[in-house]
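Values reported hereafter were calculated over all heavy atoms of this structure, with side chains retained and with hydrogens, waters and symmetry mates removed. Just so you know, these numbers come straight off a predicted model, no measurement behind them. Remember, it's 1-based here, ligands and their atoms both numbered in the order they're listed. Counting begins at 1 with the first residue of the sequence.
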Amino acid sequence: MRLTGAQIIIHLLERQEITTIAGIPGGANLPLYDALSQSHTIRHVLARHEQGAGFIAQGIARASSKPAVCFATSGPGATNILTAIADAKLDSIPLICITGQVPSPMIGTDAFQEVDTYGMSIPVTKHNFLVRSAAELLKVIPAAFRIAASGRPGPVLIDVPKDVQNQVVELHAWPEPGRPDPAPAFAMADIAQAAELINTAARPILYIGGGVIHAGAAPLVTRLAERAGIPTTMTLMGLGAVSTDHPRAIGMLGMHAARYTNLALEACDLLIAAGVRFDDRATGKVAAFCPKARIVHIDIDASEVDKIKTAHVGIVGDVREVLEVLLPLVEAQPRAAWLAHVEALKAEYPLQTPGADDPRTPYGLVLHAASLLDDDAIITTDVGQHQMWAAQVYPLQYPRQWLTSGGLGTMGFGLPAAIGAALAYPTRTVVCFSGDGSLLMNIQELVTAVEEDVNVKIILMNNNSLGLVHQQQDRRLFASDYQARVDFSAIARGFGMTAYDLAAATHPSATLARALSIPGPCLIHAPIDAQEKVYPMVPPGAANKDMIGGEAYVTARA
Ligand SMILES: Cc1ncc(C[n+]2csc(CCOP(=O)(O)OP(=O)(O)O)c2C)c(N)n1
């Protein structure tokens with residue numbers, strides 16, 4: 001059979017069971033788009049900005065756990081999509097980005113729309129390819145899927161010059177689709193040592209992150225916490241791994257944790273760290289993080305173990321496989337004294353949620369929305385105060401319910417990621433908590449949501465301000481408040497989207513309920529007082545125990 005490079009790519013993507021690709025065409029990827037137009041199984045979602053396309057694909061990957069694909073043309077298409085790739089790198093998301101490149105003979109000549117996509121993407125990808133011939137694609141495409149999903153997942157970029165897309169080759173057989181490699185083997189002696197530390201610890205804490213979700217290890221973590229009476233804290237990326245209302249869950253740790261969570265970590269004598277990387281937003285000042293604790297660190301990425309904190313027992317392996325072997329060695333014990341201590345800390349230093357009963361306040365809005373949504377709703381966020389308010393109080397119940405840009409912290413993530421999640425799960429409601437600053441960064445994707453008629457509800461917490469920056473400017477406020485007022489409802493309508501304004505509503509709860517219940521996309525505009533803060537907060541560089549705000553008097557003020 002004789003096929004072009006472009007046809008080979010599309011056929012190999014079909015064999016990888018890709019059903020949706022987000023992207024934008026241009027001169028350098030026209031052959032690829034022409035081949036895509038002939039696919040019977042892959043639908044294309046036309047984003048309005050390549051960064052949007054990258055985040056739509058990320059939303060699919062994050063919600064479904066499978067690699068997802070985005071397309072961009074050369075030059076500006078490639079540079080536009082780099083942020084979404086970098087975001088996928090920091091959050092370990094299996095994203096495959098295929099970019100068009102100028103024809104091979106023109107590479108290096110400053111041709112129209114030529115940039116060194118390969119060179120620029122090296123530091124923000126797990127791996128990247130510049131394809132030199134159509135025949136190479138038979139190896140490159142399956143390899144990209146294998147690499148993206150093996151071990152610690154991550155983004156892979158494939159740059160394909162236009163002449164390679166057009167090159168015709170004779171094919172005799174298709175390669176096997178790329179599948180993840182088996183996880184690295186780990187030593188039983190290390191498992192035994194970890195079990196011994198857990199069995200003899202008086203005050204252990206489980207500290208779990210996105211790696212637990214990637215590994216499908218959340219049910220095993222819950223079993224470990226239950227069996228051995230271990231309080232369990234989650235990173236921003238780990239939220240949902242253990243249900244918020246589980247008796248062993250002690251919420252998110254770090255910069256915007258409840259006081260009791262950070263205080264419990266302060267007191268622990270054993271930290272069982274699984275699928276985490278001791279990120280500075282979680283640890284605060286590293287030297288002061290869990291000062292009394294020994295550390296068991298389980299991670300599939302060897303470079304994470306001993307990177308920030310030296311582990312007493314480091315286990316490089318798939319968290320699920322490790323826990324399957326570790327669990328039978330862990331003694332069941334109630335740990336009543338330790339759990340009582342943590343409960344006492346919680347009673348004394350709970351998360352303060354001023355305004356929780358009032359949907360016109362940040363916490364009240366998040367909690368009201370949660371009470372109106374089914375358990376299967378997927379939550380995405382942008383980046384800022386609204387992200388932290390949602391992380392603190394949304395009652396997340398299971399893995400992949402919570403999609404947020406944790407590592408790169410990219411404003412503009414929320415809306416396109418929500419579109420991707422809704423494309424992956426068309427029968428579920430997807431709610432995006434956004435801020436006005438963040439929404440403006442990818443607002444053009446409102447029309448993509450309309451065009452795709454996805455069930456995405458954007459709850460826009462509008463404080464006319466870059467709220468989290470405003471909150472951190474303790475010396476003086478500068479460039480963090482917007483002077484001009486934006487009519488977001490009018491903008492949404494301009495894109496063809498229904499909009500509801502809680503400011504104008506006599507009964508905001510009823511308006512919110514209506515907006516969330518009607519199928520299809522909508523914008524829910526919710527004004528927020530620019531003076532509202534996310535508390536507690538660990539000042540940058542400080543130890544977690546030195547967090548400020550969030551004491552009872554803050555509640556009294558409200
Ligand atoms: C692309 C990008 N630029 C800048 C920042 C720095 N930053 C972090 S939070 C924030 C403010 C976010 O404002 P908004 O989306 O309105 O949310 P709010 O904090 O007001 O809830 C800024 C500018 C960022 N995270 N991402």
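- Applying the side chain to side chain contact (heavy atoms under 4.5 Å, CB included) rule to S489 yields the partners D487, R493, A499, D501, H525; only residues at least two apart in sequence or on another chain are considered.
- When only modelled atom types and interatomic distance are considered, T261 and T233 share no side-chain donor-acceptor pair under 3.5 Å.
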Enumerate, atom names and distances included, each donor-acceptor pair closer than 3.5 Å involving a side-chain atom of residues 406-427, sequence neighbours excluded.
| unit_1 | atom_1 | unit_2 | atom_2 | d |
| --- | --- | --- | --- | --- |
| T410 | OG1 | D87 | OD2 | 2.6 |

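- Counted within 6.0 Å of NZ on K346, heavy atoms from surrounding residues, nucleotides or ligands total 12 or fewer; the atom is thus considered open.
- Near ligand 1, heavy-atom contacts under 4.0 Å come from V383, G384, Q385, H386, G409, M411, G435, D436, G437, S438, M441, N463, S465, L466, G467, L468, V469.
- Residues that satisfy the ring pair (Phe, Tyr, Trp, His ring centres under 6.0 Å) test with H127, not counting sequence neighbours, are F129.
- There is a side-chain donor-acceptor pair under 3.5 Å between N442 and Q51.
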